[in-house]
Amino acid sequence: MSRTEQLTRTQGAEGRRRGRWLALSVLVLAVLLVAVDATVLGLATPALSEDLKPSGTQLLWIGDIYSFVIAGLLVSMGSLGDRIGRKKLLLVGATAFGAVSVLNAYATSPEMMIVARALLGVAGATLMPSTLALIRNIFHDPKERSLAIGIWGATASAGAAVGPVVGGALLQHFWWGSVFLINLPVMIVLVIVGIKLLPESKNPVAGPWDLFSVGLSLVGIIGVVYAVKQVATHGLGWEVWAAAAIGAGALYTFVRRQFTLPSPLLDMRLFRHRGFSGAVLADLLTVFGLSGLVFFLSQFLQLVQGREPLEAGLAELPAAVGAVVTGLVAGRYARKYGVRVIVTGGLAAIGIALAALTVIHKETGYPLLGAALLIVGLGAGFSFTVTADVILSSVPKEQAGSASAVSETAYELGAALGIALLGSVVTGVYQSFTAPASVSGPVADAAHESLGGAVEAAKSLDPQTAQQMVGAAQEAFVDGLRLASGVGAAVLLATAVAAWFLLKGQELQDGIEH
């Protein structure tokens, strides 16, 4: 081989290497946006409550319908990407995400806001599995891929924690709708750069897309989570039983149908692998702890401790820092110490941090809150990144979209459950607070809907009564937050024990794929 040919080949290899990492930067941009949108609304909740005046139940739906819809559609969209092309699905979804963000920004009623958030979830569902599947097909060296997934995972975890900072900065100067309009310039850059840099990939023998399975997965997930949320908030009732029965029936039918289809939306045989199932469980509950904590601490910092939105957002930054630091090194440590050590340690760290928050009160200083957030971020970075790598590397690259969708479904369902279940605990305790005897009727009803509602309702009362009512509401909210933290801690610590056994013998790949 001549020196010129050797130089040309070397330059070509370097160009491809640079191209891979530039392509990753585009994928990370999409992940960041979807992750930020899952939590950016947390700090905007007080302003949104004042403007749209949602009920407590509507407020929870505004907070979690986005994640519910994404979770319900991810498997379907991952499978669609395998069929029509992941790049194509990503770019179409990014365009839709930008357009629907405008609808969210200018919503004029709680009902319109819930619908707009649901549509944003539909668009978001096209983005997340496409990004992880493209990483699987761009990076063939497992160690390079672990680093790429580490960057992707750190961005996803940090994005959820950065959401309040972004929201706080915007709310300091603009109205609450600005937290959605920020999506537009990011999506424009993503589409323009993505067209040039991203390679197309799909499964050449994927088969048809089963629309009936798509509907079953969406109805099943939303039905079950709705039932859980309602029973925690309002107790058992016929509508709870109906939603649970419809949701469980739809999920059962979905699973049975996948076994009979020649080209299933999701290959259920993957779950027979103990390591795969353990990774999915750990994935889901890692985000459960992270998102639930971030969402409710945002309200605690503002409505209980009286911090400005930007200050509250910056106060939650340690979670993002921790997630980035450990996400970037998680693959290396998992190869050195073992997958189950790193994942179990990450889950236990989140559980311990949540347990520490069971002692908070209205005047709790920032050192405890900041330390808890940092530890949650560190644990999430380790656990989420390694489990995503395990899930993605356990299937052939032709099925990367479906496997990515499983990982992303766990992520989004974890975010939805974190807000819904822990939120239901907080709401259930909060609604039991006793308002001053002189406060009754619509004012008392509004105060019992949410803490934001109590602060707003207090403006119509005399100063002394208002202070008494807001004080009682704040105490009840903190009581609920303490109980929710205890529940979250118990769940995460139990999952850490389960992961230790489920991930026994699980290792990350070392050799280069051909």
Side-chain angles (χ1 to χ4, degrees), residues 41-64 110 164 167-168 171 176 229-230 232-235 292-309 311-312 315-316 357-366 368-369 419-488:
L41 203 59
L43 281 180
T45 297
L48 186 147
S49 298
E50 183 177 347
D51 193 7
L52 301 184
K53 297 179 172 54
S55 67
T57 301
Q58 287 175 327
L59 195 60
L60 279 178
W61 274 113
I62 289 170
D64 57 31
L171 292 167
W176 60 264
K229 184 177 70 171
Q230 287 296 103
T233 308
H234 301 296
L293 176 65
V294 168
F295 187 81
F296 291 103
L297 273 187
S298 294
Q299 296 180 60
F300 173 81
L301 291 167
Q302 285 183 92
L303 297 175
V304 176
Q305 294 199 331
R307 300 175 192 264
E308 292 296 317
E311 183 188 0
E316 294 185 357
L357 292 178
T358 59
V359 300
I360 66 169
H361 49 82
K362 287 175 65 174
E363 289 77 30
T364 295
Y366 183 70
L368 174 62
L369 299 176
I419 294 172
L421 300 186
L422 297 183
S424 296
V425 173
V426 173
T427 302
V429 174
Y430 170 79
Q431 289 179 337
S432 64
F433 87 88
T434 304
S438 59
V439 179
S440 60
V443 175
D445 293 340
H448 281 93
E449 284 289 347
S450 67
L451 182 55
V455 172
E456 183 64 21
K459 294 178 181 178
S460 64
L461 304 174
D462 65 86
Q464 183 176 355
T465 305
Q467 185 177 3
Q468 288 177 350
M469 187 177 76
V470 170
Q474 288 174 334
E475 288 290 353
F477 183 86
V478 174
D479 288 343
L481 187 56
R482 281 198 295 264
L483 180 58
S485 297
V487 171

If you compare all heavy atoms of L301 against all heavy atoms of A315, which two are closest, and at what distance to 0.1 Å?
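Heavy-atom minimum between the residues: CD1-CB, 3.9 Å.
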
Taking every non-hydrogen atom, the tightest pair across P54 and P110:
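Scanning both residues completely, I find the closest heavy atoms to be CA-CG, 3.8 Å.
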
What's the separation between atom CG in L369 and atom CZ in F300, rounded to the nearest 0.5 Å?
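Interatomic distance, L369 CG to F300 CZ, rounded to 0.5 Å: 5.5 Å.
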
Rounded to the nearest 0.5 Å, what separation is found between the OH atom of Y430 and the CD atom of Q474?
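If I round to the nearest 0.5 Å, the distance is 9.0 Å.
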
Residue pair V304 / L481, side-chain heavy-atom distance below 4.5 Å
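They are not in side-chain contact.
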
Can a donor-acceptor pair be found, under 3.5 Å and without considering hydrogens, that links the side chain of Q305 to the backbone of T364?
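Answer holds: yes.
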
V359/R482 under side-chain contact (heavy atoms from CB on, under 4.5 Å): CA gap, chis, key distance, verdict
CA-CA 7 Å; V359 300; R482 281 198 295 264; 5.8 Å; no

